[in-house]
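Heads up, the thing below is written out as structure tokens.
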Amino acid sequence: MTEAAIAVVGLRKSFGKTAALRGLDLTVPAGTVCGLLGPNGAGKTTAVRVLATLAAPDAGSARVNGFDVVRQAAQVRRSIGLAGQHAAVEEGITGRDNLRLIGRYHGLGSRGARSRADDLLERFDLAEVADRLVRTYSGGLRRRLDLVASLVTAPPVLFLDEPTTGLDPRSRQEIWDAVRELAEGGTTVLLTTQYLDEADRLADAVAVLDHGTVIEHGTPGRLKAAIGIRIEVTVAQAAQLDTAVRVLADLAAGVPVADPAERRVEVTSGAGRTIALPQLVRELDAAGVSAQDVALRTPSLDDVFLALTAAPGRAAR
Amino acid sequence: MTTTATTAAAPAATTPGRRAGPVSDTLTSALRVLLAYRRSPGLVLASLAVPVAMVLVFGYVFGSAMTVPGSGNYREFLMPGLFVMVAVNGLMPTMVGAARDVGRGLTDRMRSMPVSRSALLLGQALADLLVGVVVLVPLTLVGLAVGWRIRDGLGPALGAYGLLVLFRSVMTWVGTYLGLAAGKEEMAAQLSVLTFPLAMVTNAFVPTGGMPGWLRTVAEWNPISAVVAACRRLFDNPGAVGEAWPVQHPVTATLLWSGLLLAVFVPLAVRKFASHGR
Ligand SMILES: Nc1ncnc2c1ncn2[C@@H]1O[C@H](COP(=O)(O)OP(=O)(O)O)[C@@H](O)[C@H]1O
Ligand SMILES: [Mg+2]
């Protein structure tokens with residue numbers, strides 16, 4: 001049995017009175033992409049910083065690529081790439097020089113660093129801007145360079161902390177493509193994100209983090225199945241909203257949420273429950289609700305997330 | 001007959017990368033700073049603009065109303081003070097730069113790499129030192145143009161330049177520590193304003209003899225005053241020495257102050273860098 005690329009057990013970390021991690025458990029098999037999903041302040045960055053040997057845990061243990069992050073920090077540092085929450089690239093020099101410097105720090109020597117930089121710039125479509133000062137780059141370009149900077153040594157384990165936060169859709173797509181390519185090449189990726197679609201697209205497994213602990217984990221598919229299907233009913237008159245809520249509460253396991261402005265009620269069915277459209281329409285009819293629109297759809301990770309953290313709006317972007 | 005030794009090849013994913021070694025890390029770190037200067041030489045020029053403006057304002061506007069104890073002209077009295085001011089001002093870009101690197105995550109990236117932390121800081125300090133040496137050239141030319149002279153021969157003058165470079169590197173380490181401690185670029189920028197009063201309560205612009213007693217004591221024990229007095233002595237420029245021990249023995253005092261400040265701030269900076277956000 002091969003050891004997991006990332007193995008975290010009971011990790012705790014506090015900053016003064018703030019407990020950022022309260023017993024984090026996480027296992028990421030080698031060669032997979034794990035999405036660490038959580039709202040702002042959930043402890044994602046703290047988890048990444050502990051794993052990248054930048055912060056010392058108060059309790060618990062964490063191994064990366066088989067090495068302990070506290071006792072074998074030097075080996076861990078040789079096994080990882082880190083693209084933090086900010087684009088950590090030097091502004092006053094060119095993109096190419098940024099990569100060359102990192103190559104030299106990693107012991108590639110001056111020629112090795114140069115050719116590695118050239119390769120990466122070519123491969124990630126940055127060759128055209130490589131000789132411009134980073135100061136002149138757009139946010140998306142910077143992020144891409146930052147990601148590439150974490151790949152200089154082709155590390156077996158890569159940490160990406162909110163790699164697409166604040167990017168336009170096209171730049172996000174580019175980062176996603178790059179991450180997928182790396183994953184196909186066998187790199188283990190731990191990716192933190194507040195964006196559920198991002199985890200949905202990239203991750204083999206998702207861990208939902210809230211208040212410093214993992215409150216749910218599994219494949220995106222399994223997490224979605226756990227809350228069943230999603231039902232949306234739009235009623236003709238606002239006065240019927242309450243009745244519709246009552247009908248749906250009887251049918252589904254979830255708690256219906258009414259949106260008076262849209263005259264709409266939403267609910268999730270709950271694990272394993274199937275609800276047929278005709279049945280739903282019949283029940284609404286019997287209660288005297290004239291539905292304008294009834295929709296059943298597979299839930300998104302957004303639904304999972306909201307159902308788990310029970311804080312609607314917090315994960316809204 | 002051959003036996004085939006089968007060595008279990010470690011899977012690629014478990015082979016940790018190489019590391020470069022502290023000397024190479026130091027050089028790479030210096031290269032990083034020098035590349036940034038090469039891309040924007042304006043940075044070096046900008047750091048000269050303030051002292052040159054000061055030569056003009058102090059030397060020509062106030063200078064006419066100033067008399068220097070003993071003989072001699074005010075601009076010649078002023079120049080050693082400006083040399084030292086430039087060294088002291090080296091603190092600001094270092095401090096702001098260190099804080100910016102923390103704020104933008106560069107420090108985190110560096111620290112996540114298999115690089116010696118003291119090598120990283122040492123390289124930056126070396127690069128700053130080199131810049132400090134280069135800056136002395138235009139400053140000397142400006143001085144010569146306004147009537148300042150080296151009056152005691154090349155040997156002592158080189159000694160003065162040596163002390164200036166030493167003091168600049170002291171300022172670099174102080175700046176690195178303060179920048180890391182500030183952690184935010186704006187905060188570091190605000191903090192750097194405080195260097196101004198520190199630089200003013202010295203013998204750099206006016207002789208300390210005219211100051212009220214307590215202020216005079218503060219000014220003469222200010223490390224900056226010792227460096228200025230040492231430069232005046234080694235260049236043999238005019239100026240009343242002062243009463244306190246450091247300005248009476250300026251060369252020794254400069255060396256002692258520098259040693260003391262380095263002994264305090266180098267370990268502080270390295271520790272702050274290594275432990276940031278832990
Ligand atoms: N260096 C620090 N000092 C004090 N508090 C911190 C520090 N880093 C994080 N925290 C706190 O720990 C909690 C988790 O933060 P973080 O890991 O950054 O969350 P996320 O990345 O999920 O937004 C937050 O309450 C945050 O304020
Ligand atoms: Mg974060």
Side-chain angles (χ1 to χ4, degrees), chain A residues 2-3 5 15 30-31 46 49-50 52-56 65-67 72-94 97-98 100-110 113 133 135 146 149-150 152-157 159 161 186-188, chain B residues 10-44 93 96-97 100-117 119-120 123-124 127 183-185 273-278:
Chain A
T2 54
E3 190 172 6
F15 298 99
T46 306
R49 294 189 82 247
V50 169
T53 75
L54 298 174
N65 200 29
F67 302 111
Q72 297 170 298
Q75 284 96 320
V76 172
R77 287 183 197 132
R78 273 177 251 171
S79 311
I80 62 169
L82 168 69
Q85 216 172 340
H86 311 274
V89 281
E90 177 82 52
E91 301 222 308
I93 63 179
T94 65
D97 283 342
N98 264 286
R100 279 179 51 206
L101 288 174
I102 290 177
R104 290 177 58 119
Y105 279 130
H106 280 291
L108 300 183
S110 137
L133 291 187
R135 195 178 290 132
D146 185 53
S150 68
V152 168
T153 51
V157 181
F159 297 113
D161 193 8
T187 306
T188 308
Chain B
T14 57
T15 315
R18 279 171 289 181
R19 57 167 300 166
V23 174
S24 166
D25 288 345
T26 304
L27 292 178
T28 304
S29 210
L31 187 66
R32 168 184 170 230
V33 178
L34 294 178
L35 277 174
Y37 273 117
R38 196 184 77 189
R39 300 287 175 183
S40 29
L43 286 179
V44 182
V96 174
R100 188 179 46 220
D101 286 355
V102 170
R104 298 207 180 147
L106 261 139
T107 309
D108 267 1
R109 158 151 297 146
M110 300 276 199
R111 291 176 52 231
S112 78
M113 297 195 292
V115 179
S116 141
R117 279 96 204 273
L120 283 174
Q124 289 179 16
K184 289 200 190 75
E185 191 172 354
F273 185 72
S275 71
H276 187 269
R278 287 181 76 83

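A, B, ... follow the sequence lines: proteins, then strands. Residue 1 opens every chain.
Residues Val152(A) and Gly103(A) share a closest heavy-atom pair of CG1-CA, 3.6 Å.
Heavy-atom distances place no part of Thr46(A) under 4.5 Å from chain B, backbone and side chain included. No part of Asn98(A) comes within reach of chain B, as not one of its non-hydrogen atoms sits under 4.5 angstrom from that chain. Using a 4.5 Å cut-off between heavy atoms, Gln85(A) makes no contact with chain B at all. Interface remark: Leu133(A) contributes side-chain atoms only to the contact with chain B (heavy atom separation under 4.5 Å). In this structure, chain B has a heavy atom under 4.5 Å from the backbone of Ala87(A), while its side chain stays farther away.
Under the side chain to side chain contact (heavy atoms under 4.5 Å, CB included) criterion, Ser29(B) pairs with Tyr105(A), Leu120(B), Gln124(B), not counting sequence neighbours. Legend: residues meeting side chain to side chain contact (heavy atoms under 4.5 Å, CB included) with Leu34(B), ordered by chain and number and at least two apart, are Ala127(B), Leu130(B), Val131(B).
Under the 4.5 Å side-chain criterion, counting only non-hydrogen atoms from C-beta, Phe159(A) is not in contact with Arg49(A). Using a 4.5 Å heavy-atom threshold, the side chains of Leu54(A) and Ser112(B) count as touching.
Per-residue counts of heavy-atom pairs under 4.5 Å with chain A were compared for Arg109(B), Arg32(B), Arg38(B), Met113(B); the largest is that of Arg109(B).
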